[in-house]
Number of protein chains: 2
Amino acid sequence: MNALPAVETVPDDSRCAPAVPPALGASEAKRRAIVFKALADPNRLRLLSIVKAEPSGAACVCDLTEPLDLGQPTVSHHLKILVDAGLLSREKRGTWAYYSLVPGALESVCASILAL
Amino acid sequence: MNALPAVETVPDDSRCAPAVPPALGASEAKRRAIVFKALADPNRLRLLSIVKAEPSGAACVCDLTEPLDLGQPTVSHHLKILVDAGLLSREKRGTWAYYSLVPGALESVCASILAL
DNA sequence: CGCATACATTGATGGTGGTCGATATTCGGG
DNA sequence: CCCGAATATCGACCACCATCAATGTATGCG
């Protein structure tokens, strides 16, 4: 259910630049929307904020459950979404799982907004 | 262990600055998530892209319906969400409705990401 | 006035997402 | 080897969202 000739077919844009991008392709838009979907929840924004504010740069689930007033499965669920979006990284140490910001991830999202 | 006394109560932060933001308050997070919700849809990203790419800086609904392969009511719906999020502005001229980017809106979103 | 155009609104529907309770998994300790 | 702690996964429920068809509104034109 989509005519849309070949505007969004940019599979091999490993070239220099599109010069004049014909707006935004459907597949590209869908890919970028994933990151924004990850950011489109108040609790996930707070999770990112807490992790970023952590002096050690990392936080485990048990430290994130209480300030958000959410159940542990829910927090794990949100963290998984943030990891899948490429915003957080997970490192398991013993029984604990430490989450930390992916370096440059927020800057990358920022760039994708300005490059609309 | 964290009782979280009254960290997120920032109803009247019309003051200068929080100095050291204690992570992110619930109300602030909810407010910021609205903009990201608006960006969390592929078709809305494409709408923003098309409007931004327009030489005149504005586009009417009839110009946006075809490239997205969506019905006119759906496009109007998406445009309303983008306007409510403060990303687009609407200007009615005759029978046509012209949508254009709010100056500085994208930069503002970018800043809110980096200030997490 | 009457009609066509451009857009917004409404109602309905199928799909997605956030939350929780229960359960599974994995690891460290006695 | 068994037990408890920390976390992930599963199943279900409820709310929200994207989409469309139908209708409403307003503007311009003859």
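Chain identifiers are assigned alphabetically (A, B, ...) following the order of the sequence lines, protein sequences preceding nucleic acid strands; residue numbering begins at 1 within each chain.
- Rounded to whole Å, atom C1' of dT16(C) lies 12 Å from atom NZ of K30(A).
- If you take CZ of F36(B) and P of dG17(C), they are 18 Å apart, rounded to a whole angstrom.
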Report task. Summarise protein proximity over nucleotides 18-30 of chain D in one line of letters, 5' to 3': B for base, S for sugar-phosphate only, - for none, counting protein heavy atoms closer than 4.0 Å. Result -> SBBBB----SS--

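- Within the model, atoms NE2 of H78(A) and CG of L68(A) stand 8.0 Å from one another, a figure rounded to the nearest 0.5 Å.
- Note that CG of L116(B) is 6.0 Å distant from CZ of R32(B), once rounded to the nearest 0.5 Å.
- Atom NZ of K52(A) has more than 12 neighbouring heavy atoms from other residues, nucleotides or ligands inside a 6.0 Å radius.
- We find that CZ of R90(B) is positioned 10 Å from P of dC7(C), with the value rounded to whole Å.
- Each of L47(A), I81(A), L82(A) was scored for a side chain to side chain contact (heavy atoms under 4.5 Å, CB included) with L88(A), with one residue passing: L82(A).
- Atom CD1 in I34(B) sits roughly 13 Å away from atom P in dC16(D) (whole-Å rounding).
- Rounded to whole Å, the distance from CG on L79(A) to C1' on dT19(C) is 15 Å.
- Interatomic distance, K30(B) NZ to L45(A) CG, rounded to the nearest 0.5 Å: 13.0 Å.
- Atom-to-atom, CG of D63(B) to C1' of dT5(C) comes out at 14 Å; the value is rounded to the nearest Å.
- Applying the 4.0 Å criterion to OP1 and OP2 of dA8(C), one finds that Y99(B) has a side-chain N or O inside that range.
- Of the charged side-chain nitrogens involved, at least one lies within less than 4.0 Å of a carboxylate oxygen, so that R93(B) and E91(B) count as a salt-bridged pair.
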